[in-house]
Amino acid sequence: MSAVAKPGTKAPDFNLPLVGGGYRGLRDLLDPGGGVLVFFKEDCPTSELVVPRLGPLAEALRREERFFLAIEEDPEEVARAFRDRNGIRFPIAWEAPPYPASVDYAIGTVPALFVVDGAGFIAERVEGFIKAEYEALGAAIEQVLALGASPRILDRPEELPVMKPG
């Protein structure tokens, strides 16, 4: 894992195109006081299982005026199909090879979720899927992003396995 991708280090800068138009970058995350990034890939079964279920987290952060962005390691048409197939309402950015943001964040396994504070430091990093890690994220996100309450992370967590490698 690269030093730039570890908790306690500065989050690497990025500016990526969104499915449907526009761009989002690290500056967009910092302005509202931090947020969550999740990197994923369409052909990863763990991404297919977890990313569509992050709607409650994305909605909670939107209500608190914080940032949430899913970043797909695929071309726009693949990202659009993933969004549409799964009924996703949160923003999805995309990047094609050689995946510059993913390289800068030292992504080795997807999904890879990062909590970034308002000063631009990575506070949490979770790769793959271990249900207990995701369930514990609510309290960490509440503290790091100074939210009023611990956000719900996943939709229908009772239907998820205890773990699924990325």
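Every residue two or more places apart in sequence or in another chain that forms a side chain to side chain donor-acceptor pair (under 3.5 Å) with Arg80 is listed here: Glu76. Partners of Arg62 according to the side chain to side chain donor-acceptor pair (under 3.5 Å) rule, which considers only residues two or more places apart in sequence or in another chain, are Glu59. Partners of Glu142 under the side chain to side chain donor-acceptor pair (under 3.5 Å) rule, at least two apart in sequence or in another chain, do not exist in this structure. Asp117 pairs by the side chain to side chain donor-acceptor pair (under 3.5 Å) definition with nothing, not counting sequence neighbours.
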Please report, to 0.1 Å, the donor-acceptor pairs under 3.5 Å made by any side chain of residues 143-154, with sequence neighbours excluded.
{"residue": "Ser150", "atom": "OG", "partner": "Gly138", "partner atom": "O", "Å": "3.2"}
{"residue": "Ser150", "atom": "OG", "partner": "Ala139", "partner atom": "N", "Å": "3.3"}
{"residue": "Arg152", "atom": "NE", "partner": "Leu154", "partner atom": "O", "Å": "3.4"}
{"residue": "Arg152", "atom": "NH2", "partner": "Asp155", "partner atom": "OD1", "Å": "3.2"}

Table please: side-chain donor-acceptor pairs of residues 20-39 below 3.5 Å, with sequence neighbours left out.
{"residue": "Asp28", "atom": "OD2", "partner": "Gly25", "partner atom": "N", "Å": "2.7"}

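Other residues, nucleotides and ligands contribute at most 12 non-hydrogen atoms within 6.0 Å of the CZ atom of Arg89.
In this structure, Thr46 contributes its side chain and Pro165 its backbone to a donor-acceptor pair below 3.5 Å. Of the possible donor and acceptor atoms, none in the side chain of Lys41 sits under 3.5 Å from a partner among the backbone N and O of Thr109. One N or O on the side chain of Glu95 and one on the backbone of Ser102 form a donor-acceptor pair closer than 3.5 Å.
At least one side-chain heavy atom of Val110 sits less than 4.5 Å from a side-chain heavy atom of Glu73. Proximity of Tyr105 to Pro100: side-chain heavy atoms (C-beta onward) are nowhere separated by under 4.5 Å. For the pair Glu133 and Glu135, the minimum side-chain heavy-atom distance is 4.5 Å or more. Looking at Phe121 and Pro7, their side chains never come closer than 4.5 Å, going by heavy atoms from C-beta outward.
The pair Arg53-Glu159 meets the salt-bridge criterion, with a side-chain N (NZ, NE, NH1 or NH2) lying under 4.0 Å from an Asp/Glu carboxylate O.
Note that OH of Tyr99 and CD1 of Ile107 are 12.5 Å apart. Values are rounded to the nearest 0.5 Å. Rounded to the nearest 0.5 angstrom, Asp43 CG and Asp74 CG are separated by 6.5 Å. With rounding to the nearest 0.5 angstrom, the CD1 atom of Ile122 is 10.5 Å from the NZ atom of Lys10.
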Is there a salt bridge (Lys or Arg N to Asp or Glu O under 4.0 Å) between Arg125 and Glu127? Walk through the geometry before answering. CA-CA 7 Å; Arg125 176 187 178 125; Glu127 290 183 289; 3.0 Å; yes
Audit row: Val50, Leu113, side-chain contact (heavy atoms from CB on, under 4.5 Å) steps and yes/no: CA-CA 11 Å; Val50 174; Leu113 187 145; over 6 Å; no
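Between the side chains of Ser47 and Glu42, no donor-acceptor pair of N or O atoms lies under 3.5 Å.
Transitive grouping of hydrophobic side chains (ILVMFWY, heavy atoms separated by less than 4.5 Å) brings Val115 and Leu54 into a common cluster. At a threshold of 4.5 Å between side-chain heavy atoms, the hydrophobic network of Ile, Leu, Val, Met, Phe, Trp and Tyr places Trp94 and Leu16 in two separate groups. Transitive grouping of hydrophobic side chains (ILVMFWY, heavy atoms separated by less than 4.5 Å) keeps Ile92 and Phe67 in distinct clusters. Under a hydrophobic clustering in which Ile, Leu, Val, Met, Phe, Trp and Tyr are joined whenever their side-chain heavy atoms come within less than 4.5 Å, directly or via other members, Phe40 and Ile130 fall into different clusters.
In this pair, Phe68 and Phe90 present their aromatic rings perpendicular. The plane angle is above 60°, beyond the 30 to 60° band.
Closest of all the heavy-atom pairs between Phe82 and Ile88 is CE2-CD1, 3.5 Å. Counting all heavy atoms, side chain and backbone alike, Ala5 lies closest to Phe114 at O-CE2, 3.7 Å. When every heavy atom of Leu49 is checked against every heavy atom of Pro161, the shortest pair comes out as CD2-CD, 3.8 Å. Residues Pro98 and Val103 come closest through the heavy atom pair O-CG2, 3.5 Å. Nearest heavy-atom pair, Leu69 versus Ala93, reported as atom, atom and distance to 0.1 Å: CD1-N, 3.9 Å. For Tyr134 against Pro111, the heavy-atom pair with the smallest separation is OH-CG, 4.0 Å.
Cation-pi check for Lys164 over Phe129 is not met; the charged atom does not lie both under 6.0 angstrom from the ring centroid and within 45 degrees of its normal.
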